[in-house]
Amino acid sequence: VPTEIYELIAHADDDACEPWKPSADGAPCAAELSAQSGCLPEDVQKRVEQAQEYERALTAYRQGNFLECRQRVVALLEVSPDDVASKRLLDRASAHLAEDGRVVGLSEDELRAWCGVERMTEK
């Protein structure tokens, strides 16, 4: 069963956090609009942008575009070298790439059927 994992972007007692509460009518919350317009505090904006870039890397991985994934994750690790999730995603993408960027270890049929789910055999 896939498990969703969330990353803390801001603390609940941060002044920037109040706008993150969803609106009752389903309209975009103030934080979504702020993130799009760059009106969040600089450190929070940076974390939001990094999370969005990680999501783009993860999407590339799930689509079997391992080279794009690796390029995006390498850029993330330049900014946050201790990011464990990015390191793991880099390892997973790199496991399917030769040094020249060719996909290895998957047949064409396996690559077409690829969805990013891998069986974990250890903790």
Side-chain angles (χ1 to χ4, degrees):
V1 175
T3 302
E4 290 190 28
I5 300 173
Y6 298 90
E7 181 178 356
L8 178 66
I9 299 293
H11 294 279
D13 57 352
D14 286 352
D15 292 336
C17 224
E18 184 65 26
W20 291 90
K21 294 181 180 174
S23 64
D25 64 0
C29 68
E32 289 177 272
L33 298 174
S34 294
Q36 293 169 5
S37 66
C39 294
L40 292 173
E42 187 175 331
D43 62 324
V44 175
Q45 179 70 29
K46 182 178 176 183
R47 286 182 280 174
V48 168
E49 290 169 1
Q50 288 174 320
Q52 291 169 336
E53 184 61 17
Y54 180 86
E55 286 295 322
R56 287 188 282 273
L58 185 58
T59 296
Y61 177 80
R62 288 177 176 160
Q63 293 172 346
N65 191 341
F66 305 116
L67 184 58
E68 177 186 343
C69 175
R70 183 171 69 183
Q71 291 167 340
R72 289 183 180 279
V73 173
V74 165
L76 281 169
L77 288 169
E78 288 175 5
V79 175
S80 299
D82 296 327
D83 183 351
V84 175
S86 292
K87 287 179 183 178
R88 287 190 179 158
L89 187 55
L90 177 60
D91 289 344
R92 289 181 179 170
S94 296
H96 298 290
L97 289 171
E99 286 190 28
D100 64 0
R102 289 178 301 109
V103 174
V104 295
L106 295 171
S107 69
E108 287 184 30
D109 288 337
E110 289 171 320
L111 186 57
R112 272 193 297 277
W114 180 262
C115 65
V117 175
E118 293 190 44
R119 182 174 295 235
M120 297 182 74
T121 58
E122 59 188 61
K123 270 187 163 181

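Since the structure is predicted, the reported quantities are computational estimates derived from the model, not experimental observations.
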**Study point:** CG-NZ distance between Asp82 and Lys87, expressed to the nearest 0.5 angstrom
**Key:** 5.0 Å
Side chains of residues 88-99: which donor-acceptor pairs under 3.5 Å do they make with residues two or more places apart or in other chains?
residue : atom : partner : partner atom : Å
Ser94   : OG   : Leu90   : O            : 2.9

**Study point:** Closest non-hydrogen atom pair, Leu77 against Ser86
**Key:** CD2-CB, 3.7 Å
Practice item. Determine, step by step, whether Val74 and Gln71 satisfy the side-chain contact (heavy atoms from CB on, under 4.5 Å) criterion, reporting the C-alpha distance in whole Å, the side-chain angles of both residues, the deciding distance to 0.1 Å, and the verdict. Key: CA-CA 5 Å; Val74 165; Gln71 291 167 340; 5.9 Å; no
**Study point:** Ion pair Lys46/Glu49, N-O distance below 4.0 Å
**Key:** no
Exercise for review: Grab the two heavy atoms, one from Leu106 and one from Glu110, that are nearest each other, plus how far apart they are.
Suggested key: CA-OE1, 3.3 Å
Exercise for review: Mind checking the CG-CZ spacing from Asn65 to Arg70? Nearest 0.5 Å is all I need.
Suggested key: 11.0 Å
**Study point:** Straight-line distance of Arg62 CZ to Glu55 CD, nearest 0.5 Å
**Key:** 7.0 Å
Review point. Looking at side-chain heavy atoms only, is the closest gap between Leu111 and Phe66 below 4.5 Å?
Key: yes
Review point. Quick check: are there more than 12 heavy atoms from other residues, nucleotides or ligands sitting under 6.0 Å from CZ of Arg56?
Key: yes
Practice item. Identify the heavy atoms of Ala85 and Asp83 that sit nearest to each other, and give their distance. Key: N-OD1, 3.2 Å
